[in-house]
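Note that the coordinates shown come from a computational prediction; the quantities given were computed from them, not determined experimentally. So you know, we letter chains A, B, ... as the sequences are listed, proteins then strands, and number each from 1.
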Amino acid sequence: MAPSAPVVTRFAPSPTGFLHIGGARTALFNWLYARRFGGAMLLRIEDTDRERSTESAIAAILDGLSWLGLDWDGDVVYQFARAERHREVVETLLATGGAYRCYATPEELAEMREAARREGRPARYDGRWRDRDPSEAPAGAKPAIRLRAPQEGETVIEDAVQGRVVWQNKDLDDLVLLRSDGNPTYMLAVVVDDHDMGVTQVIRGDDHLTNAARQAQIYQALGWGVPRMAHVPLIHGPDGAKLSKRHGALGVDAYRELGYLPAALRNYLVRLGWSHGDQEMFSQDEMIAAFDLGQIGRSPARFDFAKLENLNGHYMRQSDDESLVEAIGRLLPTLGPARGLGPELTPALRGMLLRSMPGLKERAKTLVELLDSAYYLYAPSPLALDAKADSILDAAARARLGAVRALLAETAEWNAAALEAAIRAHAERTGLKLGQIAQPLRAAVTGRGTSPGLFEVMEILGRETSLARIDAQARTGDTAPMNAA
RNA sequence: GCUCCCAUCGUCUAGCGGUCUAGGACGUCGCCCUCUCACGGCGAAAACAGGGGUUCGAGUCCCCUUGGGAGCGCCA
């Protein structure tokens, strides 16, 4: 259903850490909904917790959104900067009787909760200052300001995802709007900011569902309209438990370093909790055209790396060679050192990578795998053999290598077609299977048991390097195979 | 403990009372292709949590049980 008024959504992370995967999906949903209906997505940083908010977290969130390709409209709103306005709103509430001063001490509050729990009652503030005369206020004590919430009737949220959710007002207590130190609480700040920013549709994690009820009461006290709500189930780890750092609660920057493409992550995320019939693959435009709140599921989804990898492989195969080489280049500062590579691609390596990319990208699921599978292009000399290559190169294989070496050296044209023709002819002559010759050659030339097509590899490596590597393995007896150091 | 939410293959999901002997995707397992590994193609195993209702008819609606999850701060 298309909203009647212009749509305004917002993504409102608190900058106490990186942009995690659940936040990324929430941002994506907000972004898609705004784009779908020609509206705007605003970005608000909820930095009212001065202790835990950091500049680096803000930077990480902004970077993460940009990397994912999610842009926001207008300037970033910083919630802390709006504290004055929040206090002003509380003043009006105090004036109309919608709020009152509460002098209960933290000790009293703790006692209240403990007693409630002991007696099996819901833990809530008992309203002891709700109707007390201000003259009874302890001298010099700074009060917190609480909402005078309705005590009868019910509070209802018509949620686009969860449906109609009802709370009995007797189960909800008088929440704090302004702390005794004069700072606004989150509950108040969200309401005022969403209202002032003209937010028409709130889309957020369903850990906020119960907050929605309390916020609705604030809206009502203020005489403001409540925005439409959509509470999206959280993402769980593979074990069904809450996402932890071990399995998926990584920052989006970590996914970047793991070698995932933004397009793949977007596609994976959009299908986590949302569906459009049987469609699995979505270009950015397709997502926007198809997205709506009604197709979001109500049950939590588990994060599955295997599916993300599959999707990533798909998007890599789809990518043009040039952009994959660029993507590897951007990852080199973090991936290079461990692989004996500098922070930048040398022109020579870049060239070989580009020529090899059609064969390479077919076989890798991530950019990291892509770089590792190209090992033979940048391997230092002497080439290290992995276990598989080592086992392929037994005495018989090395002997065959010797025979093939001379024949390869004689081929006039060093290109894939000519090399293949020469080897095939040799196989036919000797009655060997192609694999009996190709596998030892592959092991000698790449140091691995698997690689892109052998003849393309040899063409790109060039005559000199290829023959040198074959020589290193063909000579038996006096030269031991080099094992990975 | 209290309040609220949820429940289809291992995983993501389609299904919005009859077209469901439940469909797709990932993963898994076979086979084909093949110089290896991938890709691709073909095929297989794999689910409506349990119990009551409602209805001519229930995966689809209602209730209970069980099992998950979230929230219960002068955190956000």
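No donor-acceptor contact under 3.5 angstrom links the side chains of A:N267 and A:H314, judged on distance only. Of the N and O atoms on the side chains of A:Q79 and A:R82, not one donor lies less than 3.5 Å from an acceptor on the other residue. A donor-acceptor contact closer than 3.5 angstrom is absent between the side chains of A:N312 and A:T366.
With hydrogens and angles ignored, no donor-acceptor pair under 3.5 angstrom links the side chain of A:R298 to the base of B:C5. Side-chain to base pairing of A:N211 with B:A76: one donor and one acceptor N or O lie within less than 3.5 Å of each other.
Under the Watson-Crick or G-U wobble criterion, with both distances below 3.5 Å, B:A22 is left unpaired in every strand shown. If you check B:C4 for Watson-Crick or wobble pairing at under 3.5 angstrom, you find it paired to B:G69. Across the strands present, B:C42 finds its partner in B:G30; the criterion is a Watson-Crick or G-U wobble pair with both atom distances under 3.5 angstrom.
Using a 4.0 Å heavy-atom cutoff across all strands shown, A:L441 reaches no nucleic acid atom at all. Here A:T450 lies in heavy-atom contact (under 4.0 Å) with a base. As judged by a 4.0 angstrom heavy-atom cut-off over every strand, A:R124 is placed among residues making no nucleic acid contact. In this structure, A:V166 reaches the sugar-phosphate backbone alone: every heavy-atom distance under 4.0 Å involves primed, P, OP1 or OP2 atoms, never a base. Within the 4.0 angstrom heavy-atom criterion, base atoms lie near A:A104. Among the heavy atoms of the strands lying under 4.0 Å from A:E46 are primed sugar atoms or P, OP1, OP2 only; no base atom is included. Residue contacts shown for A:K365 are limited to sugar-phosphate atoms, with no base heavy atom under 4.0 Å away. Residue A:R113 is classed as a sugar-phosphate contact, given heavy-atom separations below 4.0 Å to backbone atoms only. Contacts of A:A301 with the nucleic acid, taken as non-hydrogen atoms under 4.0 Å apart, involve only primed sugar atoms and P, OP1 or OP2. Across all strands, A:S53 comes closer than 4.0 Å to no nucleic acid atom at all (heavy-atom distances). Residue contacts for A:S180: at a heavy-atom cut-off of 4.0 Å it reaches a base atom on one of the strands shown.
Candidate nucleotides B:U13, B:C6, B:C12 were compared by shortest atom distance to the side chain of A:R302, and B:C12 ranks first. Distance from the side chain of A:E280 is smallest for B:A25 among the nucleotides B:A25, B:A76, B:U13. Of the listed nucleotides (B:C26, B:G27, B:C37), B:C26 has the atom at the smallest distance from the side chain of A:K307. With B:A76, B:C5, B:G68 as the choices, the nucleotide that has an atom nearest any side-chain atom of A:S14 turns out to be B:A76. The side chain of A:S299 approaches B:A7 more closely than any other nucleotide in the set B:G24, B:A76, B:A7. Closest contact between the side chain of A:A144 and the listed nucleotides B:U3, B:C74, B:A38 involves B:C74. Comparing B:G71, B:C5, B:G23 by their nearest atom to the side chain of A:T210 picks out B:G71. Distance from the side chain of A:D278 is smallest to B:G24 among B:A76, B:C5, B:G24. Listed candidates were B:A76, B:C26, B:G40. Nearest to the side chain of A:D49 is B:A76. Checked against B:A14, B:C6, B:C39, the side chain of A:Q162 finds its nearest nucleotide in B:C6.
Taking atom P on both B:G41 and B:G24, the two are 14 Å apart, rounded to the nearest angstrom. Taking the P atom of each, B:A58 and B:A38 are spaced 47 Å apart, rounded to whole Å. Going from the C1' atom of B:U8 to that of B:G68 covers 16 Å, rounded to whole Å. To the nearest whole angstrom, the two P atoms, one in B:U19 and one in B:C26, are 27 Å apart. B:C31 and B:A70: their P atoms are spaced 44 Å apart (whole Å). When the C1' atom is used for both B:A14 and B:A22, the distance is 10 Å, rounded to whole Å.
For A:Y268 and A:Y315, the gap between ring centers reaches or exceeds 6.0 Å.
A cation-pi arrangement is present between A:R146 and A:Y125, with the terminal nitrogen or guanidinium carbon under 6.0 Å from the aromatic centre and inside a 45° cone about the axis.
Of the two residues contacting RNA chain B, namely A:S451 and A:V165, the nearest-nucleotide position lying further toward the 5' end is that of A:V165.
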Could you pull out the protein-nucleic contacts involving nucleotides 30-35 of chain B (nitrogen or oxygen on both sides, under 3.5 Å)?
unit_1: B:C35; atom_1: OP1; unit_2: A:R424; atom_2: NH2; d: 2.8
unit_1: B:C35; atom_1: O2; unit_2: A:R442; atom_2: NH1; d: 3.1
unit_1: B:C35; atom_1: O2; unit_2: A:R442; atom_2: NH2; d: 2.8
unit_1: B:C35; atom_1: N3; unit_2: A:L454; atom_2: N; d: 3.3

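A salt bridge (Lys or Arg N to Asp or Glu O under 4.0 Å) check over residues 204-214 of chain A, counting only residues at least two apart or in different chains, returns the pairs A:D173-A:R214.
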